[in-house]
Visitor: 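Here it is: the structure, laid out below.
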Amino acid sequence: MDLFVNDRPRTLSDDIADPAMPLLWALRDGLGLTGTKFGCGIGACGACTVHVDGEAVRSCVRPLASVAGRRIVTIEALGTTQRPHPLQKAWARHQVPQCGYCQSGMLMAAAALLARQVRPSDADIDAAMTNLCRCGTYPRVRAAIRSAAQELPARKRLPAAKPVPVPR
């Protein structure tokens with residue numbers, strides 16, 4: 001199966017690419033992208049959040065067949081150590097991570113929000129951030145999102161994922 005992950009064409013071998021397999025396992029086991037975490041397996045907690053065509057989705061319940069030919073972005077492509085994403089800088093500045101397990105999913109959900117809405121209100125943030133954090137850092141998450149939004153020019157949006165055909 002051909003996928004387009006983190007701006008690169010990737011191929012899963014036939015022995016791994018069961019169309020019913022959750023995207024999470026294809027990313028982690030098939031492609032070695034382990035930044036996306038398994039939390040609940042029912043799409044409730046959000047630790048597995050990735051972007052598919054620019055939308056935050058729960059990869060633990062997204063069948064692999066539903067993402068063929070679509071643009072997938074994982075936490076590995078959000079930023080780098082040398083050039084962190086504004087959200088990653090804000091996360092550190094506001095000391096959001098505690099245990100850290102939910103953070104990749106939280107960051108991906110927040111990035112999708114800021115791609116849609118450059119200056120979200122607290123109500124917008126609360127509506128978009130449905131991820132669970134057992135450490136209860138929700139006030140810090142909200143503050144970090146507001147802080148990252150301030151770093152972005154008012155008219156500039158974060159790069160939104162666009163559907164890109166998978167090269168054959």
Side-chain angles (χ1 to χ4, degrees), residues 4-8 22-28 31-62 67 70-164:
F4 199 70
V5 181
N6 297 338
D7 293 325
R8 292 182 41 206
L23 173 59
L24 171 67
W25 299 120
L27 294 171
R28 290 182 60 81
L31 299 177
L33 298 170
T34 58
T36 303
K37 304 299 182 200
F38 174 79
C40 65
I42 59 172
C45 75
C48 65
T49 302
V50 299
H51 296 176
V52 175
D53 292 341
E55 291 189 41
V57 301
R58 307 290 167 92
S59 65
C60 72
V61 293
R62 181 64 58 120
V67 299
R70 299 178 73 188
R71 185 169 183 247
I72 302 161
V73 179
T74 69
I75 190 69
E76 286 87 353
L78 190 63
T80 66
T81 304
Q82 297 78 22
R83 297 187 68 197
H85 188 282
L87 280 165
Q88 291 168 317
K89 291 190 285 187
W91 242 240
R93 198 168 42 251
H94 290 277
Q95 300 179 347
V96 173
Q98 296 299 301
C99 80
Y101 198 82
C102 67
Q103 297 308 301
S104 60
M106 287 272 196
L107 283 161
M108 294 305 287
L113 168 63
L114 291 181
R116 287 190 318 271
Q117 206 165 359
V118 181
R119 299 286 188 265
S121 67
D122 284 348
D124 296 327
I125 293 169
D126 292 346
M129 299 302 295
T130 59
N131 301 51
L132 300 178
C133 172
R134 68 182 183 183
C135 301
T137 64
Y138 303 110
R140 292 177 187 183
V141 167
R142 185 188 294 153
I145 293 170
R146 285 194 309 254
S147 177
Q150 293 304 312
E151 288 185 39
L152 301 171
R155 292 188 173 202
K156 182 182 179 194
R157 292 180 178 246
L158 294 172
K162 296 176 189 163
V164 175

Visitor: Distance check, rounded to the nearest 0.5 Å: Leu114 atom CG versus Leu87 atom CG?
Guide: 5.0 Å

Visitor: Tell me, with the steps shown, if Arg62 and Leu24 meet side chain to side chain contact (heavy atoms under 4.5 Å, CB included).
Guide: CA-CA 8 Å; Arg62 181 64 58 120; Leu24 171 67; over 6 Å; no

Visitor: Can you tell which of Val5, Asp53, Val57 makes a side chain to side chain contact (heavy atoms under 4.5 Å, CB included) with Arg70?
Guide: Asp53

Visitor: If the condition is side-chain hydrogen bond (donor to acceptor under 3.5 Å, both in side chains), which residues does Thr130 pass it with, not counting sequence neighbours?
Guide: Arg58

Visitor: How far does CG of Leu33 sit from CZ of Arg28, to the nearest 0.5 angstrom?
Guide: 9.5 Å

Visitor: Counting distance only, does the side-chain N/O of His94 pair as donor-acceptor with the main-chain N or O of Val96 below 3.5 Å?
Guide: no

Visitor: Provide the closest heavy-atom pair for Leu152 versus Pro86 in the form atom of the first, atom of the second, distance.
Guide: CD2-CG, 4.1 Å

Visitor: Show your working on side chain to side chain contact (heavy atoms under 4.5 Å, CB included) between Ile145 and Met129 and close with a plain yes or no.
Guide: CA-CA 10 Å; Ile145 293 170; Met129 299 302 295; 3.8 Å; yes

Visitor: Rounded at 0.5 Å granularity, tell me how far SG in Cys48 sits from CD1 in Ile42.
Guide: 10.5 Å

Visitor: How far does CG of Leu132 sit from OH of Tyr138, to the nearest 0.5 angstrom?
Guide: 5.0 Å

Visitor: Indicate the atoms forming the closest heavy-atom contact of Ala44 with Cys40, along with that distance.
Guide: N-SG, 3.3 Å

Visitor: Knowing that exactly one of Leu23, Thr34, Leu31, Thr36 qualifies, which makes a side chain to side chain contact (heavy atoms under 4.5 Å, CB included) with Thr74?
Guide: Thr36

Visitor: Counting distance only, does the side-chain N/O of Arg93 pair as donor-acceptor with the main-chain N or O of Ala144 below 3.5 Å?
Guide: no

Visitor: Can you measure from CZ (Arg71) to NE2 (His51) and round to the nearest 0.5 angstrom?
Guide: 10.0 Å

Visitor: Does atom CD of Gln95 have more than 12 heavy-atom neighbours from other groups under 6.0 Å away?
Guide: no

Visitor: I'd like to know if the side chain of Glu76 pairs up with that of Asn6 as donor and acceptor (distance under 3.5 Å, no hydrogens or angles considered).
Guide: no

Visitor: Side-chain donor-acceptor pairs under 3.5 Å in residues 101-110, sequence neighbours left out?
Guide:
from: Tyr101; atom 1: OH; to: Phe38; atom 2: O; distance (Å): 2.4
from: Gln103; atom 1: OE1; to: Trp91; atom 2: NE1; distance (Å): 2.3
from: Ser104; atom 1: OG; to: Gly35; atom 2: O; distance (Å): 2.8

Visitor: Quick test of your reading of the model: are Arg119 and Asp124 salt-bridged, counting only N-O distances below 4.0 Å?
Guide: no

Visitor: Please round to the nearest 0.5 Å and tell me the distance separating atom CG of Leu78 and atom NE2 of His85.
Guide: 4.5 Å

Visitor: Which heavy atom of Gly46 sits nearest a heavy atom of Asn131, and at what distance?
Guide: O-ND2, 3.0 Å

Visitor: For a quick test of reading the model, state the closest non-hydrogen atom pair linking Gly54 to Ala112 and the distance between them.
Guide: O-CB, 4.1 Å

